[in-house]
S.K.: 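The structure that follows is given in the form of C-alpha cells.
All of these numbers come straight from a predicted model, not from anything done at the bench. Residue numbers count from 1 along this sequence.
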Amino acid sequence: MISFLKGFLMEQESNQVVLNVNNVGFCITVPSSDLMEISQCDEVSLHTYLHVREDSMELYGSVSKDTMFVFKKLIDVSGIGPKGAMNILSSMPSQELIKAIIREDTTSLSKCPGVGKKTAERMVLELKDKFKNVSRDESPVSCEIPNSIKDEAIEALMNLGYKKFDATRRAEAAYREELELEEIIRIALKE
C-alpha cells in the first residue's frame, strides 16, 4: 500500500524516524544501521512496508530496497513478525544474513536478538531455496558496483555537493557495465 516515502527528517529515536512528507508526519521503524545514513541527509527516501493489524497500522522501512526485500522474506517465516525481522536486520546486514542462510550457519543466525536455535533452523529451511533461486535483478547479494568505479563516482558526486548517501544512491542507480565513469556521473546528475 505505501511502498515508498520521500520527505524531510523531523525526529529520530532509537529505531524510529518521523518523516515529513508534504506536511504529514509518518513514523517509520528502521534498522539501526540506517539511522546514521538518514541523519546525514537533508531529504530522506525510504522503501517501506505497511503492516496492518486489527488494532494498528505500522510502517517499517529502509533506505535500501534490498534490505526491504530481505525483510519481506523474513516476515514470511513462521514465528517472525515485522518487529523481529527489523531486530534481525539491525544486528546483521542483509547480505550477511543471506550468506548465513545459504551456508546454513545457524550459529550466526542464533546470535540475532529473538532468534534461537529452532528459529534459525526454520529460517534456513524456509528461506534457503528462496535466496538461491532469486534472479540477478532481485538479489541483494549481486547488486554491487565494482569498488573502483563506484568509489570514483561517489567521490565525484560528493565533490559536487551531494551528501554521501545521496551520492551513493545516484551512482548505483546510474551504473551500467558498459558505461564509462563520466557517463555514469552525467546520468546520476540528470536524475
Side-chain angles (χ1 to χ4, degrees), residues 1-77 80-95 97-98 112-114 137-140 143-145 150-151 153-176 183-191:
M1 186 177 212
I2 300 174
S3 61
F4 182 81
L5 289 172
K6 185 175 184 178
F8 299 98
L9 182 66
M10 296 298 293
E11 296 176 27
Q12 179 177 334
E13 292 182 15
S14 59
N15 66 337
Q16 292 185 324
V17 295
V18 176
L19 250 134
N20 178 347
V21 180
N22 294 327
N23 295 323
V24 177
F26 290 91
C27 182
I28 307 163
T29 302
V30 296
S32 57
S33 55
D34 285 1
L35 289 174
M36 191 170 82
E37 280 186 57
I38 291 170
S39 65
Q40 295 174 354
C41 298
D42 296 329
E43 192 171 40
V44 179
S45 299
L46 293 176
H47 299 275
T48 59
Y49 172 82
L50 178 63
H51 181 69
V52 179
R53 296 188 320 202
E54 65 182 49
D55 61 341
S56 70
M57 292 191 304
E58 298 170 333
L59 274 171
Y60 295 87
S62 175
V63 294
S64 167
K65 189 174 186 178
D66 297 335
T67 299
M68 291 311 294
F69 170 83
V70 175
F71 172 84
K72 290 173 186 174
K73 295 296 183 193
L74 282 173
I75 61 175
D76 287 341
V77 175
I80 299 178
K83 288 181 184 176
M86 265 307 149
N87 288 336
I88 292 168
L89 290 168
S90 289
S91 64
M92 184 181 283
S94 58
Q95 292 183 1
L97 182 67
I98 290 171
C112 296
D137 293 336
E138 295 176 315
S139 174
C143 293
E144 294 188 14
I145 299 171
K150 177 182 177 181
D151 293 341
I154 292 169
E155 187 176 331
L157 291 170
M158 288 174 63
N159 288 338
L160 292 171
Y162 289 95
K163 296 195 179 218
K164 184 173 183 174
F165 169 74
D166 292 326
T168 303
R169 185 174 49 83
R170 285 173 180 264
E172 288 176 349
Y175 177 75
R176 305 285 179 279
E183 292 172 296
I184 293 170
I185 293 170
R186 187 172 55 249
I187 292 169
L189 290 171
K190 285 182 182 178
E191 289 187 12

S.K.: Do other residues, nucleotides or ligands put more than 12 heavy atoms under 6.0 Å from the CD atom of E155?
M.R.: no
S.K.: For M68 and S62, work out which heavy atoms get closest and say how close.
M.R.: SD-N, 3.6 Å
S.K.: Does atom CG of D55 have more than 12 heavy-atom neighbours from other groups under 6.0 Å away?
M.R.: yes
S.K.: Which pair of non-hydrogen atoms, one from A188 and one from R170, has the smallest distance, and what is that distance?
M.R.: O-NH1, 2.9 Å
S.K.: Between L189 and Y162, is any pair of side-chain heavy atoms under 4.5 Å apart?
M.R.: yes
S.K.: Quick check: do F26 and I2 have side-chain heavy atoms less than 4.5 Å from each other?
M.R.: yes
S.K.: So do P31 and T67 actually touch side chain to side chain, heavy atoms under 4.5 Å?
M.R.: yes
S.K.: Is D166 salt-bridged to R169, cutoff N-O under 4.0 Å?
M.R.: yes
S.K.: Indicate the atoms forming the closest heavy-atom contact of L35 with E13, along with that distance.
M.R.: CD1-O, 4.0 Å
S.K.: May I ask you to test the V44-V17 pair for a side-chain heavy-atom distance under 4.5 Å?
M.R.: no
S.K.: With side chains defined as the heavy atoms from C-beta onward, is the minimum distance between N87 and C112 less than 4.5 Å?
M.R.: no
S.K.: Is L59 close to L46 at the side-chain level, that is, under 4.5 Å between some pair of heavy atoms?
M.R.: no
S.K.: Report the distance from atom OG of S3 to atom NZ of K65, rounding to the nearest 0.5 Å.
M.R.: 8.5 Å
S.K.: Ignoring hydrogens, what is the shortest heavy-atom contact between M10 and N20? Give both atom names and the distance.
M.R.: CG-CB, 3.3 Å
S.K.: Would you indicate whether the side-chain heavy atoms of F69 and S64 approach each other to under 4.5 Å?
M.R.: no
S.K.: Kindly give the heavy-atom pair with the smallest separation between M158 and A167, and that separation in Å.
M.R.: CG-CB, 3.8 Å
S.K.: So among Q16, K83, E58, which one has a side-chain hydrogen bond (donor to acceptor under 3.5 Å, both in side chains) with T29?
M.R.: Q16
S.K.: With a 4.5 Å heavy-atom cut-off, do I75 and Y49 have their side chains touching?
M.R.: yes
S.K.: Give the minimum heavy-atom separation between I184 and A153, together with the two atoms involved.
M.R.: CG2-CB, 4.3 Å
